[in-house]
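Values below: all heavy atoms of this structure, side chains included; hydrogens, waters and symmetry mates excluded.
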Amino acid sequence: MTSYGSPSATSGSRTNGLAIASLVCGIIGVFLFNVILGPLAIVLGVVGMRQAGVKGGGGMAKAGVILGVVDLIIFAVLLALAASNGGFTWYVGS
């Protein structure tokens with residue numbers, strides 16, 4: 001039977017999925033849902049850094065942890081800003 005594709009494509013090292021997920025959560029968390037995605041990026045990044053010796057992706061995991069911390073700082077700043085301006089208000093009707 002003939003094998004298609006190069007052998008290196010099937011036996012190549014794969015990047016750690018948790019490191020990728022941490023980085024993605026950190027990037028998206030900067031713009032949306034930072035209070036949820038920030039801690040998630042931190043947890044996934046820490047687990048990804050522990051697995052980096054075997055699966056690789058240590059740099060992405062570190063970047064995910066840093067972005068997770070940035071997400072939480074952004075949330076704290078926005079919360080403090082809203083509290084100093086009288087909190088959140090809803091204007092409905094006339």
(message) Does any part of the side chain of Leu72, heavy atoms only, come nearer than 4.5 Å to the side chain of Ile42, both counted from C-beta?
(response)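 Heavy-atom side-chain distance check passes, below 4.5 Å.
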Once you round to the nearest 0.5 Å, how far does [atom1] of [X] lie from [atom2] of [Y]?
X: Gln51; Y: Leu18; atom1: CD; atom2: CG; result: 5.0 Å
X: Phe33; Y: Leu40; atom1: CZ; atom2: CG; result: 13.0 Å
X: Cys25; Y: Leu37; atom1: SG; atom2: CG; result: 5.0 Å

(request) Using side chain to side chain contact (heavy atoms under 4.5 Å, CB included) as the criterion, list what pairs up with Leu67, not counting sequence neighbours. (result)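 Testing Leu67 for side chain to side chain contact (heavy atoms under 4.5 Å, CB included), a comparison that skips the adjacent residues, returns Leu23, Ile27, Val30.
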Is it true that [X] and [Y] fall in one hydrophobic cluster, defined by side-chain heavy atoms closer than 4.5 Å?
X: Ile66; Y: Met49; value: no
X: Ile20; Y: Leu44; value: yes
X: Phe31; Y: Ile73; value: no

Which heavy-atom pair separates [X] from [Y] by the least distance, and what is that distance?
X: Ala41; Y: Gly68; value: CB-CA, 4.0 Å
X: Ala61; Y: Ser22; value: O-OG, 4.1 Å
X: Phe75; Y: Asn34; value: N-ND2, 3.6 Å

(request) Kindly say whether Gly48 contributes a backbone atom to a donor-acceptor pair with the side chain of Asn16 at under 3.5 angstrom? (result)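 Pair found, side chain donor or acceptor close to backbone of Gly48.
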